[in-house]
Amino acid sequence: MSTPLAAILTPESLQSGVPGPLYLKLRQTLEDAITSGKLNHGDALPAERDLADHANVSRVTVRKAVDDLVKDGLLVRRHGSGTFVAKPVAKVQQSLSRLTSFTEDMARRGLTTKAEWLDRGLFHPSPDEMMMLGLPADALVARLGRLRVADDMPLAIERACISAEFLPDPLQVQGSLYAALEKRGCRPVRAVQRISAYNMKDPDAAMLGVPAGSAGLSIERVSYLRSGRVVEFTRSIYRGDAYDFVAELTLSET
């Protein structure tokens, strides 16, 4: 048992305090130690048996408390190595009142961005794409699927589709999609965005570095040209523990 944890985690501390299941008390004790800095990023937890023996609780109690903290992203299990305190996640805030690309948004925050391409090319449109972009069946669409990363942290999986009329060569997109569209004189000027709760499923969860079942945000965006024509339809999945969307509200004059 490590010295910091031995001082924090005692049978007396778990038996005292508010009534409740022992696993919740153990979970809260470990969470408090992590958030207060008594346990730091990279610190290893003792084996389940050692934790149970020291705290005088069952291994089932330890496992349930640790499972909860792994699910919440405070601990991470490494196969064959053990359980460790996870790297803290600094939340990114994005305003809902401005139409910007991921690259532009992160650059304003001084974050270094990169993308891992999942899909890029010209394809025949799906029924959804035909409907959202207003395209005939014989048209082509450019599809751009990317894992978006900021300061080496995966934040979002973004899958955009654009009529080939506006983006005939998707291989030209290296960074910002909106910058590429602006060069062709067809950058969107407004968008409608729908945000809903989403529980991460594999393989998306694995790509974003979170456990399956973690909270996320599912976002659909339809973007328009000044003429009113749809130029972009994008579906994205964002990490719920790393991203906040912020909207400014004002009192309407009546």
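Everything quoted here is computed from the prediction, not taken from an experiment.
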Q | Heavy-atom side-chain contact between M200 and L208 under 4.5 Å | A | yes
**Q.** Nearest-0.5 Å distance that lies between atom CD1 in I219 and atom CD1 in I237
**A.** 10.0 Å
Q: Please report the shortest heavy-atom distance between M207 and L118, naming the atom on each side.
A: SD-CD2, 3.8 Å
Q.
Within the 4.5 Å heavy-atom criterion, are L133 and C161 side-chain neighbours or not?
A. yes
Q) Is there a side-chain contact between V62 and V60 (heavy atoms, below 4.5 Å)? A) no
Q: Under the side-chain hydrogen bond (donor to acceptor under 3.5 Å, both in side chains) rule, collect the residues that match up with E158, sequence neighbours excluded.
A: R146, R148
Q. Shortest non-hydrogen contact from P154 to G209?
A. CG-N, 4.5 Å
**Q.** Partners meeting salt bridge (Lys or Arg N to Asp or Glu O under 4.0 Å) with E48 (sequence neighbours left out)
**A.** R59, R63
Q.
Could you tell me if the side chain of Y198 sits less than 4.5 Å from the side chain of L217, heavy atoms only?
A. no
Q: Return the set of residues passing salt bridge (Lys or Arg N to Asp or Glu O under 4.0 Å) with D32 (not counting sequence neighbours), or none when no residue passes.
A: none
**Q.** Spacing of CD belonging to Q193 relative to CZ belonging to R221, to within rounding of 0.5 Å
**A.** 4.5 Å
(Q) As an exercise, state the distance from CG of L30 to CG of L45, rounded to the nearest 0.5 Å. (A) 6.0 Å
Q) Looking only at atom types and distance, does a side-chain atom of T29 sit under 3.5 Å from a main-chain N or O of K25, one as donor and one as acceptor? A) yes
Q.
Checking one residue: L24. Which other hydrophobic residues are in its cluster under the side-chain 4.5 Å linking rule?
A. Y23
Q | Validation row: V230, M132 side chains within 4.5 angstrom (heavy atoms) | A | no
Q. Looking at S223 and P188, what are the two nearest heavy atoms and their distance?
A. CB-CB, 3.5 Å
Q.
I'd like to check the side-chain hydrogen bond (donor to acceptor under 3.5 Å, both in side chains) partners of E116; sequence neighbours left out, ordered by chain and number.
A. none
Q.
For residues F233 and L140: do they belong to one hydrophobic cluster (side chain heavy atoms under 4.5 Å, members Ile, Leu, Val, Met, Phe, Trp, Tyr)?
A. no
Q) Once you round to the nearest 0.5 Å, how far does CG of L69 lie from NZ of K64? A) 11.5 Å
Q: For P125, check side chain to side chain contact (heavy atoms under 4.5 Å, CB included) against everything at least two apart and list the hits.
A: E129, M130, V141
Q. Among the clusters formed by ILVMFWY side chains lying less than 4.5 Å apart, do L225 and L181 turn up in the same one?
A. yes
Q. Between E165 and R229, does at least one N-O distance fall below 4.0 Å, as a salt bridge requires?
A. yes
Q) Between L135 and S163, which heavy-atom pair has the shortest distance, and what is it? A) CD2-OG, 3.8 Å
Q.
Which residues pass the side chain to side chain contact (heavy atoms under 4.5 Å, CB included) test with V76, not counting sequence neighbours?
A. R78, F84, A86
Q) Do I34 and L75 have side chains that get closer than 4.5 Å, going by heavy atoms? A) yes
Q. Can you get from V192 to M131 by hopping between Ile, Leu, Val, Met, Phe, Trp and Tyr side chains that sit under 4.5 Å apart?
A. yes
Q) Can you list the residues that meet the salt bridge (Lys or Arg N to Asp or Glu O under 4.0 Å) rule with R184, with sequence neighbours excluded? A) none
**Q.** hydrophobic_cluster_shared for Y224 and I162, side chain cutoff 4.5 Å
**A.** no
**Q.** Shared hydrophobic cluster for F166 and Y178 (ILVMFWY, side-chain gaps under 4.5 Å)
**A.** yes
Q. If you measure from CG on L147 to CG on L155, what distance do you get to the nearest 0.5 Å?
A. 9.0 Å
Q) How far apart are the closest heavy atoms of F123 and D119, and which atoms are they? A) CZ-OD1, 3.5 Å
Q: Indicate the atoms forming the closest heavy-atom contact of A160 with L177, along with that distance.
A: CB-CD2, 4.1 Å
Q. Who are the side chain to side chain contact (heavy atoms under 4.5 Å, CB included) partners of R77, not counting sequence neighbours?
A. V66, D67, V70, T83
(Q) Does any part of the side chain of I195, heavy atoms only, come nearer than 4.5 Å to the side chain of S218, both counted from C-beta? (A) no
**Q.** With K114 via salt bridge (Lys or Arg N to Asp or Glu O under 4.0 Å) - residues at least two apart
**A.** D152
Q) Who passes side-chain hydrogen bond (donor to acceptor under 3.5 Å, both in side chains) against D128, sequence neighbours left out? A) R235
Q. Listed by chain and number, what are the side-chain hydrogen bond (donor to acceptor under 3.5 Å, both in side chains) partners of N40, not counting sequence neighbours?
A. none
Q: Just do the side-chain contact (heavy atoms from CB on, under 4.5 Å) check on R239 and V210 with the steps written out, would you?
A: CA-CA 8 Å; R239 283 177 57 158; V210 297; 3.7 Å; yes
Q: Measure the spacing between CG of D204 and CD1 of I157 and express it to the nearest 0.5 Å.
A: 4.0 Å
Q.
Do R159 and R143 make a side-chain contact, defined as non-hydrogen atoms from C-beta onward lying under 4.5 Å apart?
A. no
